[in-house]
K.L.:
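This is the structure I have questions about; it appears just below.
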Amino acid sequence: MKRIALSLALLIAVFATSVSAGVTVDQSKVLDRWTFRIGGFLTGLDTTVRLDSPTGREGTSVNLEDDLGFDSSLSVPRFDLGVILGRRHEISGGYYKTDRDSTTTLQRDIEWGDETFPINIGIGAFYNTEFVNLAYTYWFYSSESTSLGVTGGLVYASLGAGVGISAVGQGIGAEEDISTDVPVPQLGFSVNHHLGKRFVFTGNLGYIAFNLDDFEGSVASATVGVEHRTWENFGFGLGYGYTGYDIDTLAADFLGKWEYTVSGFEIYLRAAW
């Protein structure tokens, strides 16, 4: 993946030093001044969390889907808004969240923070996330039918998770929770290309490794899609996306590791003007 990131940087450098001013947004078939998208993902989820003890004892890496019985698929609504300032500068933001819980019987011992949950015990667990992203895209190449850009920004991930003993008629006991916010930088390459007859191809490829105080790791992402600009200001889109987080945390409220993969198909309504 690092080789991909290096190739991406070299490609951007070549284009940035060789392209002309390009067309304006009004002349482009693939860019709009304002864009709003609302839709939903049918996601595949793979989540591994390790919660270490503050005393230094390393916890068990717990796969939520395999070990705790969480659903591995979920329908997730998503919102995105973007605006292009001048010819080339786009500011965009987005939001989505997931809320999941489960009850199961453990098939192995789990060390979770200061608690030890033994095999064959009934467990109740929850896992909630919120993602807010703010990004800047520089469209360094813009023709009537194609635009190429480099994107940088920050994803603000709010994470909550907990595991507790589930006893019939007694609710959840001996519970150990996580509640933390993880700042995740992003860097990537974007392309839009007009396919003819109101169809537009969209694609994004991103990767970054980072070290931010209490958080260290990497995030990789890739999305491809096709939009149909059905009317002047409205259309529809269908795409497939993948995002993978691999982060070690040293925060006071979350000492451990977070691995989270979200992938799946998205269908959305697009409004632009």
K.L.:
Show which residues join L154 in its hydrophobic cluster (side-chain heavy-atom contacts under 4.5 Å, direct or indirect), or state none.
P.N.:
none
K.L.:
Are the side chains of R100 and L45 in touch, meaning some heavy atoms are under 4.5 Å apart?
P.N.:
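A side-chain contact exists here, since the closest heavy-atom pair is under 4.5 Å.
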K.L.:
To the nearest 0.5 Å, tell me how far D26 CG sits from D32 CG.
P.N.:
9.5 Å
K.L.:
Decide yes or no for L269 and F236: does some side-chain heavy atom of the first lie under 4.5 Å from some side-chain heavy atom of the second?
P.N.:
yes
K.L.:
Should we count CZ of F234 as having more than 12 external heavy atoms under 6.0 Å?
P.N.:
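No, not enclosed.
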K.L.:
If you count every heavy atom of other residues, nucleotides or ligands that lies below 6.0 Å from Y156 atom OH, does the total exceed 12?
P.N.:
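Not buried by this count: 12 neighbours or fewer within 6.0 Å.
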K.L.:
Side chains of S218 and D246: donor-acceptor distance under 3.5 Å anywhere?
P.N.:
no
K.L.:
Kindly indicate whether the side chain of V30, heavy atoms from C-beta on, has any atom under 4.5 Å from the side chain of T146.
P.N.:
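No, too far: nothing below the 4.5 Å cut-off.
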K.L.:
Only counting residues at least two apart or in another chain, list the ones meeting side-chain contact (heavy atoms from CB on, under 4.5 Å) with E111.
P.N.:
R57, T60, T116
K.L.:
Which atom pair, heavy atoms only, marks the closest approach of D46 to N63?
P.N.:
OD1-ND2, 2.9 Å
K.L.:
Can you tell me how far apart CZ (R37) and CD (E227) are? Round to the nearest 0.5 Å.
P.N.:
6.5 Å
K.L.:
Can you list everything that forms a side chain to side chain donor-acceptor pair (under 3.5 Å) with D71? Sequence neighbours excluded, please.
P.N.:
none
K.L.:
Quick one: pull up CG in D52 and NZ in K257 and give me the separation to the nearest 0.5 Å.
P.N.:
10.5 Å
K.L.:
S75: which residues meet the side-chain contact (heavy atoms from CB on, under 4.5 Å) condition with it, sequence neighbours left out?
P.N.:
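Here the qualifying residues are L42.
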K.L.:
Under the side-chain contact (heavy atoms from CB on, under 4.5 Å) test, which residues partner T98, sequence neighbours left out?
P.N.:
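T98: side-chain contact (heavy atoms from CB on, under 4.5 Å) contacts with L74, V76, T129, Y260.
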K.L.:
For S72, give me all partners under side-chain contact (heavy atoms from CB on, under 4.5 Å), at least two apart in sequence or on another chain.
P.N.:
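If we apply the side-chain contact (heavy atoms from CB on, under 4.5 Å) test to S72, skipping adjacent residues, the hits are E65.
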K.L.:
Hydrophobic cluster membership, with links at side-chain heavy-atom distances under 4.5 Å among I/L/V/M/F/W/Y: are L81 and F79 in one?
P.N.:
yes
K.L.:
Report yes or no: do N192 and T202 form a side-chain donor-acceptor pair below 3.5 Å?
P.N.:
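Note: N192 and T202 side chains miss the donor-acceptor criterion.
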K.L.:
Do you know which two heavy atoms are closest between S263 and Y240, and how far apart they sit?
P.N.:
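Residues S263 and Y240, closest heavy atoms: CB-OH, 3.7 Å.
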K.L.:
Measure the spacing between NE2 of H194 and OG of S147 and express it to the nearest 0.5 Å.
P.N.:
12.0 Å
K.L.:
Between Y136 and H89, how do the two ring planes meet: parallel, tilted or perpendicular, split at 30° and 60°?
P.N.:
parallel
K.L.:
Would you compute the distance between atom CG of N204 and atom OG1 of T137 and round it to the nearest 0.5 angstrom?
P.N.:
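So the CG of N204 and the OG1 of T137 are separated by 8.0 Å.
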K.L.:
Roughly how far, to the nearest 0.5 Å, is the CG atom of L255 from the CD atom of E58?
P.N.:
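Those atoms lie 9.5 Å apart.
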K.L.:
Between Y245 and W258, does the ring pair (Phe, Tyr, Trp, His ring centres under 6.0 Å) criterion hold? Intermediate values first, please.
P.N.:
CA-CA 7 Å; Y245 300 90; W258 178 46; 5.3 Å; yes
